There are 2 protein chains.
Amino acid sequence: MSHETRHDQRVEEDGPGPELTGRLGYLLKHAQLRLAELTADALAPYGVTGRELAVLLVLADREPASQQQAAGRLGIDRTTMVAFLDSLEGRGLVARRPDASDRRRNVVVLTEAGQETVRLATRASDDAERRFVAPLTRSSAAELKRALLAVIEKTP
Amino acid sequence: MSHETRHDQRVEEDGPGPELTGRLGYLLKHAQLRLAELTADALAPYGVTGRELAVLLVLADREPASQQQAAGRLGIDRTTMVAFLDSLEGRGLVARRPDASDRRRNVVVLTEAGQETVRLATRASDDAERRFVAPLTRSSAAELKRALLAVIEKTP
DNA sequence: TATTGTTATACTCTATAACTATA
DNA sequence: TATAGTTATAGAGTATAACAATA
């Protein structure tokens, strides 16, 4: 018997097998990676990353926030927020305003350009999400989101 | 009117709001992070990380593989595989054997200790997964895995 | 020439510790 | 004393480029 690969019988597999695809950890990680790729491509024309869009969304949809409040809403460190804001401010998408009532704080607001970017980028991101769940039925996609939210909120 | 937080009306929110939790990207990322934490804790007693368990599983469940084949199955770079194997081999969980039929290659095999670790660590990881999906019904948890596999496999 | 394993290096993302100015 | 923003630094985790041995 030859030791060579027998191409007539079985092509040498290169991808993940059931020992991985059967595990929830693998599925979550790779689903996240795929959607992140799709989203990155969709957002590229607007010059923002998915993480930057998340920062903008957190600043857009609630009362004006300090840097630290914004970081808290996103679950990231305040030092990480500094870097995000430096970059976003440099591109004119957000502005830091000293808080008159507590001069240690900056209130961070979206500029006009920032608001427009949020509108366009959100639409592009939603579109990527729609393509991502295209293999599922509408109700199955909704069920997926419900299930994910449930485990996130109810897990210790 | 005071500028202080009015605790009687509304506690200052610190977590994510619907602008984030309504997005699939956020849900996938944070579900993955939570499960990864649970799994890390569950695996700690066995001295392996989730990624190392994935490497071991890939070596355990199919024909013996070269380092590069194993990397291909996991979707990681071959240079990354070198580092994993250095560490796993240092702890006696895997062994590199020169491939007699192609002396550029190493065939990587699990040791006895490696096989035992796979058994125990897999059980612990499965248990973490079960706790993670505890908020869902049995069929809803199964549906979650089906949906994730579908989007992973069918998305461009 | 091409491929396997290896090394050195670099890049991304994030956090920790220490500094400053304000409170 | 404690907190908000900042800076410098460090640690994961991963990839790219170049090298030696072998095909």
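The chains referred to below are lettered A, B, ... by the order of the sequence lines, with proteins before strands, and numbering in each begins at 1. What you see is a predicted model, and the numbers here were worked out from it, not measured in a lab.
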Can you tell which of [options] lies closest to the side chain of [X]?
X: Thr80(B); options: dT14(D), dT6(C), dA15(C); result: dT14(D)
X: Ile76(B); options: dT22(D), dG13(D), dA15(D); result: dA15(D)
X: Asp102(B); options: dA23(D), dA17(C), dT6(C); result: dA23(D)
X: Arg104(A); options: dT3(D), dC13(C), dT16(C); result: dT3(D)
X: Arg78(A); options: dA18(C), dA15(C), dG5(C); result: dA18(C)
X: Ser66(B); options: dT14(D), dA4(D), dG5(C); result: dG5(C)
X: Asp77(B); options: dT16(D), dT6(C), dT22(D); result: dT16(D)
X: Arg105(B); options: dT14(C), dA4(D), dT4(C); result: dT4(C)

Rounded distance in Å - [atom1] ([X]) to [atom2] ([N]):
X: Leu33(A); N: dC13(C); atom1: CG; atom2: P; value: 13 Å
X: Asp86(A); N: dT14(C); atom1: CG; atom2: C1'; value: 15 Å
X: Gln67(A); N: dT7(D); atom1: CD; atom2: C1'; value: 13 Å
X: Met81(A); N: dT16(C); atom1: CE; atom2: P; value: 16 Å
X: Arg103(A); N: dG5(D); atom1: CZ; atom2: P; value: 15 Å
X: Asp99(A); N: dT3(D); atom1: CG; atom2: P; value: 17 Å

*Please evaluate the base of dT16(C) for a donor-acceptor partner in the side chain of Thr79(A) within a cut-off of under 3.5 Å?*
yes
*Within a reach of under 6.0 Å around CZ of Arg97(B), are more than 12 heavy atoms found that belong to other residues, nucleotides or ligands?*
no
*Can a salt bridge be assigned to the pair Asp127(B) and Arg131(B) using a cut-off of 4.0 Å between side-chain N and carboxylate O?*
yes
*Is a donor on one side and an acceptor on the other found under 3.5 Å between the side chain of Lys29(B) and the backbone of Gln32(A)?*
no
Report yes if at least one side-chain N or O of [X] is closer than 4.0 Å to OP1 or OP2 of [N]; otherwise report no.
X: Arg51(A); N: dT14(C); result: yes
X: Arg97(A); N: dG5(D); result: no
X: Gln68(A); N: dA4(D); result: yes

*How do Arg96(A) and Lys29(A) order along DNA chain D: which one's closest nucleotide is nearer the 5' end?*
Arg96(A)
*asked:* Between Leu85(B) and Gly75(A), which residue's closest nucleotide on DNA chain C lies nearer the 5′ terminus?
replied: Leu85(B)
*Should Leu136(A) and Phe132(A) be counted in the same cluster of Ile, Leu, Val, Met, Phe, Trp and Tyr side chains packed under 4.5 Å apart?*
yes
*Would Arg23(A) and Asp126(B) satisfy salt bridge (Lys or Arg N to Asp or Glu O under 4.0 Å), going step by step from the backbone distance to the final call?*
CA-CA 8 Å; Arg23(A) 306 196 73 78; Asp126(B) 287 347; 2.7 Å; yes
